[in-house]
Amino acid sequence: MISTQAWADAQRLWDFQQMGHEPRPCSVAIGLGSHDLGVADTTVDLYRRGMVPLIVFTGATSRTTRERMPRGEAEHYRERAIELGVPADDILVEPQARNTGENIRFSRALLEDRGVPVSSVLLVSKPYEERRAYATARRLWPDVEWVSASTPMTLAEYADSIQDVRLVVDMLVGAQQRLMVYPQQGFMIEQVIPDDVAAAFERLRADGFTSRLAPEAAERP
């Protein structure tokens, strides 16, 4: 259990991550690999709705997916999409990326190598990382239009699906921290952080929701 204040602060971070983009037809969808097969399901839904003619799934494995997805996140996503009826020829797999920046760079290189013209991308991520993914993509591939998407669900629904409320809050805090520090390191475009969001982040950090922070912030006085 977490306090009422901590839950309210987590809700602020969750709401800020939601970009509020309306899905529209794009050149391609890029589904960012993770532990969450919901990303694959949402990407397939967008494909079925005629939003994209082609899907790229990107991702190797991480410490949280090594056992669950031994063939790699992107490959497991591909298998899920084929199970759901997407033709194999409409799916490309990028199996090497180990972070969001590599997801974008390696997917771009794959599409260029295949000669796929890209003017717009539906970027499908976990719900609590929409803004983080968008800011990274805009920095690394600025000459295309990015439309953010994720599984439509509330914070409470997502926490129920993960079955670990504290971990979900830790992940929200980690995503928010990166929005605040990564632009200075050249990894993302700058985002305007509302005062109430910054204050929510600081309260959660002070309360010990730090397991997903980058080391610099975790060790900061």
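When reading the values below, keep in mind they use all heavy atoms of this one structure, side chains included, and skip hydrogens, waters and symmetry mates.
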| said: Keeping E157 on the side-chain end and T154 on the backbone end, is there a donor-acceptor pair under 3.5 Å? | reply: yes
| request: Taking R132 for its side chain and L179 for its backbone only, find out whether a donor-acceptor pair lies under 3.5 Å. | output: no
| Stepwise side-chain contact (heavy atoms from CB on, under 4.5 Å) test for E79 and I82 | CA-CA 5 Å; E79 292 168 2; I82 290 173; 5.9 Å; no
| side-chain contact (heavy atoms from CB on, under 4.5 Å) assessment of C26 paired with L122 | CA-CA 6 Å; C26 290; L122 264 173; 3.9 Å; yes
| Is there a donor-acceptor pair closer than 3.5 Å between any side-chain N or O of Q177 and the backbone N or O of A214? | yes
| Atom of A159, atom of V168 and distance for their closest heavy-atom approach | CA-CG2, 4.0 Å
| query | Tell me, do Q184 and E190 make a side-chain contact under 4.5 Å, heavy atoms counted? | reply | yes
| Rounded distance [0.5 Å steps], CZ in R78 versus CD in E94 | 14.0 Å
| Judged by atom type as modelled, is there a donor-acceptor pair below 3.5 Å linking the side chain of R48 to the main-chain atoms of L84? | yes
| Going only through I, L, V, M, F, W and Y residues with side-chain contacts under 4.5 Å, is there a path from L92 to F106? | no
| Just checking, R139 and F187: is the charged tip under 6.0 Å from the six-membered ring centre and within 45° of the axis? | no
| query | Can you check whether F16's main-chain N or O pairs, donor with acceptor, with R131's side chain at less than 3.5 Å? | reply | yes
| task | Write down the atom of L54, the atom of V28, and the distance for their closest heavy-atom approach. | result | O-CG2, 3.3 Å
| task | Please identify each residue that fulfils side chain to side chain contact (heavy atoms under 4.5 Å, CB included) with A10, with sequence neighbours left out. | result | L155, V169, L172
| field | The single option from V197, L204, L213 passing side-chain contact (heavy atoms from CB on, under 4.5 Å) against Q176 | value | V197
| query | Got a second to check how far E73's CD is from D36's CG, nearest 0.5 Å? | reply | 10.5 Å
| Between atom CE of M153 and atom CD of Q18, what is the distance when rounded to the nearest 0.5 Å? | 10.5 Å
| Carboxylate-amine/guanidinium contact E145 R24, below 4.0 Å | yes
| task | Check step by step if side-chain contact (heavy atoms from CB on, under 4.5 Å) holds for I30 and T58. | result | CA-CA 7 Å; I30 296 178; T58 168; 3.8 Å; yes
| D9/R12 under salt bridge (Lys or Arg N to Asp or Glu O under 4.0 Å): CA gap, chis, key distance, verdict | CA-CA 5 Å; D9 287 337; R12 285 186 180 87; 3.1 Å; yes
| task | On the 0 to 90° scale, with breaks at 30° and 60°, tag the Y158-W14 ring pair as parallel, tilted or perpendicular. | result | tilted
| query | Do V44 and L32 belong to the same hydrophobic cluster, where Ile, Leu, Val, Met, Phe, Trp and Tyr are linked whenever their side-chain heavy atoms lie under 4.5 Å apart, directly or via other members? | reply | no
| Are any side-chain N or O atoms of S120 and backbone N or O atoms of S27, one a donor and one an acceptor, separated by less than 3.5 Å? | yes
| request: I would like to know whether S34 and Y77 meet side-chain hydrogen bond (donor to acceptor under 3.5 Å, both in side chains); could you show each step before the answer? | output: CA-CA 9 Å; S34 73; Y77 278 20; 3.1 Å; yes
| query | Pick from E130, M19, K126: which one makes a side-chain contact (heavy atoms from CB on, under 4.5 Å) with S150? | reply | E130
| field | Verdict with supporting geometry, T136 and L140, side-chain contact (heavy atoms from CB on, under 4.5 Å) | value | CA-CA 6 Å; T136 303; L140 296 176; 3.8 Å; yes
| query | Are the aromatic rings of Y134 and H21 close, with centres under 6.0 Å apart? | reply | yes
| said: Looking at W141, is its backbone amide N or carbonyl O close enough to the side chain of W146 to form a donor-acceptor pair, meaning the two atoms are under 3.5 Å apart? | reply: yes
| Minimum heavy-atom distance between D170 and G208, given as atom pair plus value | OD1-O, 4.4 Å
| request: Give a yes or no answer on whether the side chain of E102 reaches the backbone of R98 with a donor-acceptor pair at less than 3.5 Å. | output: yes
| Least distance between heavy atoms, A74 atom then V93 atom | CB-CG1, 3.8 Å
| Heavy-atom check, side chain of V39 versus side chain of T151, under 4.5 Å | no
| said: If hydrophobic clusters are built from ILVMFWY residues whose side chains come within less than 4.5 Å, do V86 and F57 share one? | reply: yes
| task | Measure the spacing between CG of N99 and CZ of R178 and express it to the nearest 0.5 Å. | result | 10.0 Å
| field | Heavy-atom donor-acceptor pair, Q163 side chain to D160 backbone, under 3.5 Å | value | yes
| Salt bridge present between D207 and R203 (N-O < 4.0 angstrom) | no
